[in-house]
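Note that the structure is predicted; figures quoted are calculated from it, not measured. Chain A is the first sequence line, chain B the second, and so forth, proteins listed ahead of strands; every chain is numbered from 1.
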Amino acid sequence: MSVSVQQADFDVGAEIAALSQGRLEVGAVASFVGLVRDVSGGAEVAAMTLEHYPGMTERSLEDIVGEARRRWQLDGVRVIHRYGRLEPGDRIVFVGVAGAHRGEAFAACEFVMDYLKTRAPFWKLEETPDGAHWVDARDSDDSAAARWGTESEPRPGD
Amino acid sequence: MSVSVQQADFDVGAEIAALSQGRLEVGAVASFVGLVRDVSGGAEVAAMTLEHYPGMTERSLEDIVGEARRRWQLDGVRVIHRYGRLEPGDRIVFVGVAGAHRGEAFAACEFVMDYLKTRAPFWKLEETPDGAHWVDARDSDDSAAARWGTESEPRPGD
Amino acid sequence: MNIKILYFASLRDTVGRAEESFVLPSGVATVGDLRAFLADRGDKWDALAEGRNVRAARNQRMANPADPVGPGDEIAFFPPVTGG
Amino acid sequence: MNIKILYFASLRDTVGRAEESFVLPSGVATVGDLRAFLADRGDKWDALAEGRNVRAARNQRMANPADPVGPGDEIAFFPPVTGG
């Protein structure tokens with residue numbers, strides 16, 4: 001199973017090891033861990049709640065992984081995204097990519113993260129000293145995804 | 001200590017966790033694990049021995065890390081490179097980079113790997129069914145390092 | 001001609017509901033039509049008006065305004081995503 | 001005017017030694033001079049001849065042919081690196 005959407009934390013070392021376990025053709029595993037920061041847009045963050053769209057989340061992550069596997073020759077891809085209440089320092093997301101060579105593994109890992117940021121239906125509600133508020137999408141995420149040269153997320157009515 | 005050159009294996013999960021431990025400003029950890037493959041240039045590999053230049057190895061890895069920290073705003077960098085006899089599936093190298101945002105972490109992690117491949121004094125002796133032979137440097141590694149826009153490794157007499 | 005409509009995150013908070021069962025009126029043939037129809041409810045539903053930064057999905061895939069809406073569909077509206 | 005010279009990997013195997021203590025002859029002022037002097041030993045030392053793919057380090061940093069060599073230096077010759 002290459003995609004998991006879950007409340008529970010995950011074991012980064014075990015996930016990275018699993019990507020090459022018993023696959024002696026793998027020479028490179030690139031990975032990424034995203035964490036809750038204690039600041040966001042200058043404000044102090046006490047905690048956040050990640051909401052998602054069950055069903056669509058899994059589907060969109062699987063689409064992203066499928067697109068990466070079409071673009072690069074890969075031996076394995078693993079995506080884990082948490083939802084629910086998380087505190088600063090908590091892990092949010094893991095993306096790991098295994099391949100023969102490092103160039104493909106790095107490119108595919110960054111590609112999956114850029115797309116996940118713009119296409120996977122997650123929303124962050126941050127708790128700050130001023131109260132809880134929904135995080136606005138960052139333009140830099142759209143432009144990071146756009147540099148991969150496919151259409152950006154469609155916007156009805158825009 | 002950000003650089004280790006050692007015979008012993010390492011704990012990838014612990015190294016990645018250490019990069020953000022107690023640092024709530026870290027939002028992104030990009031990492032890379034390089035492994036011994038069972039094929040190299042079409043030939044089957046039973047094992048390899050990594051030779052290095054003690055003293056210069058540590059110094060060159062520290063130079064690479066220092067250069068990455070000058071180029072990007074990073075919260076932590078960790079490099080571990082093994083030497084000695086290794087078999088297919090064994091880990092060779094780990095590079096982990098922590099930062100506030102993923103773009104910097106990915107770029108710095110790939111930068112360190114590209115430079116390590118062309119500037120750190122390691123040499124691979126592969127054992128194949130035809131006997132042991134030293135691995136030739138790959139041109140693609142030089143070009144991967146060159147795209148970062150600094151001089152390539154100097155070549156006396158070339 | 002029943003469909004299910006879902007709302008997420010800040011948009012759900014604004015319109016005050018997470019989902020509704022909806023009978024497609026005649027003249028509502030696309031995702032864009034549906035969005036305009038809902039915005040016409042007025043008041044808090046103005047959050048769906050043209051120009052507001054709202055995304056849509058049809059049957060759990062990102063949708064364009066021109067995408068058709070048919071019986072049994074699950075249509076979702078939400079703000080731009082902020083995962084990872 | 002003693003220096004230490006180190007050889008690594010395939011180059012060490014070819015020249016048959018890992019290191020040597022070396023008294024700098026007059027006229028050998030740079031890394032390039034030293035390499036040419038060693039290549040002139042002939043036979044297996046041809047592995048250091050101009051045109052061969054050999055890298056050098058002076059005091060544990062990558063060196064260019066024009067870099068000076070002085071007393072107490074540690075000079076290393078080796079093939080292109082293949083780590084990672």
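Between chain A and the residues B/Gly34, B/Ala28, B/Ala105, the most heavy-atom pairs under 4.5 angstrom are made by B/Ala28. Contact tally against chain B (heavy-atom pairs below 4.5 Å) for A/Gly13, A/Ala17, A/Ser31, A/Gly103: the top residue is A/Ser31. Per-residue heavy-atom pair counts under 4.5 Å with chain B were compared for A/Glu25, A/Arg102, A/Arg23, and the maximum is reached by A/Arg102. Looking only at heavy-atom pairs under 4.5 Å with chain A, the residue among B/Asp114, B/Ile92, B/Val97 that has the most is B/Asp114. Comparing A/Asp38, A/Ile16, A/Leu19 by heavy-atom pairs within less than 4.5 Å of chain B, the highest count is held by A/Asp38. Among the candidates A/Leu35, A/Val36, A/Val39, A/Val45, the residue making the largest number of heavy-atom pairs closer than 4.5 Å to chain B is A/Leu35. Taking B/Gly96, B/Ala98, B/Cys109 one by one and counting their heavy-atom pairs under 4.5 Å with chain A, the maximum is reached by B/Cys109.
The minimum heavy-atom distance between B/Gly27 and A/Phe32, with the atom names listed, is O-CZ, 4.5 Å.
The contact between A/Ala100 and chain B is made by backbone and side chain atoms together, counting heavy-atom distances below 4.5 Å.
Counting non-hydrogen atoms of neighbouring residues, nucleotides and ligands closer than 6.0 angstrom, the CD atom of A/Glu44 reaches no more than 12 such neighbours.
In this structure the side chain of B/Val12 never reaches within 4.5 angstrom of the side chain of A/Val29, judged on heavy atoms.
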